[in-house]
Amino acid sequence: DAKTTQPTSMDCAEGRAANLPCNHSTISGNEYVYWYRQIHSQGPQYIIHGLKNNETNEMASLIITEDRKSSTLILPHATLRDTAVYYCIVRVSGGYQKVTFGTGTKLQVIP
Amino acid sequence: DAGVIQSPRHEVTEMGQEVTLRCKPISGHNSLFWYRQTMMRGLELLIYFNNNVPIDDSGMPEDRFSAKMPNASFSTLKIQPSEPRDSAVYFCASTLHGYEQYFGPGTRLTVT
C-alpha cells in the first residue's frame, strides 16, 4: 500500500467547511483513496472512497487531484460531533485487502 | 442490522491469565479483521480472515496470540498467557466487498 502524509492536527470553526488534505505521491494506478474517522473511544468509521473522480456522499466530499498524488476530504458544515481523528488510506480495493492505518489528522471543531 | 458486536466491552485480568475476546461480524460479510490500538503504536492489524480462513496473520505479535473463526458469524482472539503490555483496545471489523470496513465498538483490555 502507498504511504500517505497528513497534517497532525487541524482546527475548524463550527458550521464552516473542514478541508483535510492528504498526500499520496506514490499511489499506484489500481489503488483507491479511502477516508475513515475515529471519534474518541469508538471504532473507526468509514467515510468515503474514490479512484480518480471526485466523490460525494451524505457525510463528505472527496476531491482527488488529476495526477492522483493528493486528495482533500471536505466536511461541508462541520459540527462538534465531527471532532475526531481522520485517516487517509490508499489501497487496492475489493476482495479481502487489509487496511493499514497511519497516524491521521486530529480535527478539532471549535464552537 | 446490529453492526459488529464485540464482547466483553471491558476486561481486566491479571498477568498470566488467559483472555478471550469475541466478535460477531455483520451478517453476510465474508471478511473479518482483528486490530489492536494503543497510544504508542496506533491502530495495528493483527490478523484477517476471508470466508473463515486466515489470510494474513503477520501482525500477530507472538505465539501467545491466536485467533479462530469457526464459522461465518463468530470469531475469537485469545491471549495466553496475558502480559501487561497486551493492554490495549482490540477492534474487530468486517466487510463484504472489501471496500468499507465496519468496526465494532472495541474491547478495552487491561492486564495488571
Side-chain angles (χ1 to χ4, degrees), chain A residues 1-9 22 28 30-53 55-62 64 71 73 84-107, chain B residues 2-7 9-10 21 23-26 29-60 67 69 72 75 88-108:
Chain A
D1 292 346
K3 181 178 173 60
T4 63
T5 304
Q6 299 177 253
T8 302
S9 63
C22 179
S28 300
N30 63 344
E31 288 182 315
Y32 286 69
V33 180
Y34 284 78
W35 284 84
Y36 284 75
R37 73 179 181 183
Q38 188 172 22
I39 296 170
H40 183 61
S41 297
Q42 297 183 21
Q45 176 189 24
Y46 165 83
I47 301 173
I48 198 168
H49 76 280
L51 182 62
K52 55 183 178 181
N53 297 321
E55 302 288 343
T56 296
N57 62 21
E58 65 278 3
M59 289 183 67
S61 295
L62 174 60
I64 302 174
S71 60
L73 178 74
V85 177
Y86 287 77
Y87 298 97
C88 170
I89 299 154
V90 291
R91 60 183 278 261
V92 177
S93 193
Y96 37 78
Q97 300 297 328
K98 63 182 181 181
V99 177
T100 301
F101 288 81
T103 55
T105 296
K106 168 66 175 176
L107 175 69
Chain B
V4 175
I5 299 172
Q6 291 187 247
S7 64
R9 294 294 309 277
H10 302 273
L21 310 181
C23 175
K24 177 179 169 55
I26 292 173
H29 283 191
N30 60 358
S31 294
L32 183 140
F33 306 77
W34 282 101
Y35 292 86
R36 176 174 70 174
Q37 186 170 39
T38 62
M39 288 293 292
M40 291 294 295
R41 301 176 65 90
L43 196 60
E44 305 173 278
L45 177 66
L46 300 178
I47 184 172
Y48 71 98
F49 296 82
N50 181 251
N51 292 324
N52 311 337
V53 176
I55 301 301
D56 184 350
D57 65 355
S58 60
M60 297 285 264
M69 192 164 187
S75 176
V89 181
Y90 291 80
F91 290 104
C92 175
S94 69
T95 186
L96 174 58
H97 299 296
Y99 292 104
E100 63 270 33
Q101 291 187 12
Y102 294 87
F103 284 74
T107 295
R108 182 173 296 277

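Chain naming here is simple, since letters A, B, ... match the order of the sequence lines and numbering starts at 1 in each. Below, all heavy atoms of this structure are taken into account, side chains as well, without hydrogens, waters or symmetry copies.
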Q: Can you run down the salt bridge (Lys or Arg N to Asp or Glu O under 4.0 Å) pairs that involve residues 89-107 of chain B, sequence neighbours left out, and say none if there aren't any?
A: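 Listed once each, the pairs would be none.
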
**Q.** Pairs involving residues 41-53 of chain A, ordered by first then second residue, that meet salt bridge (Lys or Arg N to Asp or Glu O under 4.0 Å) (sequence neighbours left out)
**A.**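 Of all non-adjacent pairs touching residues 41-53 of chain A, none passes salt bridge (Lys or Arg N to Asp or Glu O under 4.0 Å).
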
Q.
Could you check whether any side-chain heavy atom of A:Gln38 comes within less than 4.5 Å of a side-chain heavy atom of B:Phe91, counting everything from C-beta outward?
A.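 Sidechains of B:Phe91 and A:Gln38: in contact.
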
(Q) Strictly distance-based, threshold 3.5 Å: is any side-chain N or O of A:Tyr36 a donor or acceptor partner for the main-chain N or O of B:Gln101? (A)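 The answer is yes, because a donor-acceptor pair under 3.5 Å joins these two groups.
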
**Q.** Which portion of B:Gln6 sits near chain A, non-hydrogen atoms under 4.5 angstrom
**A.**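 Looking at B:Gln6, nothing touches chain A.
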
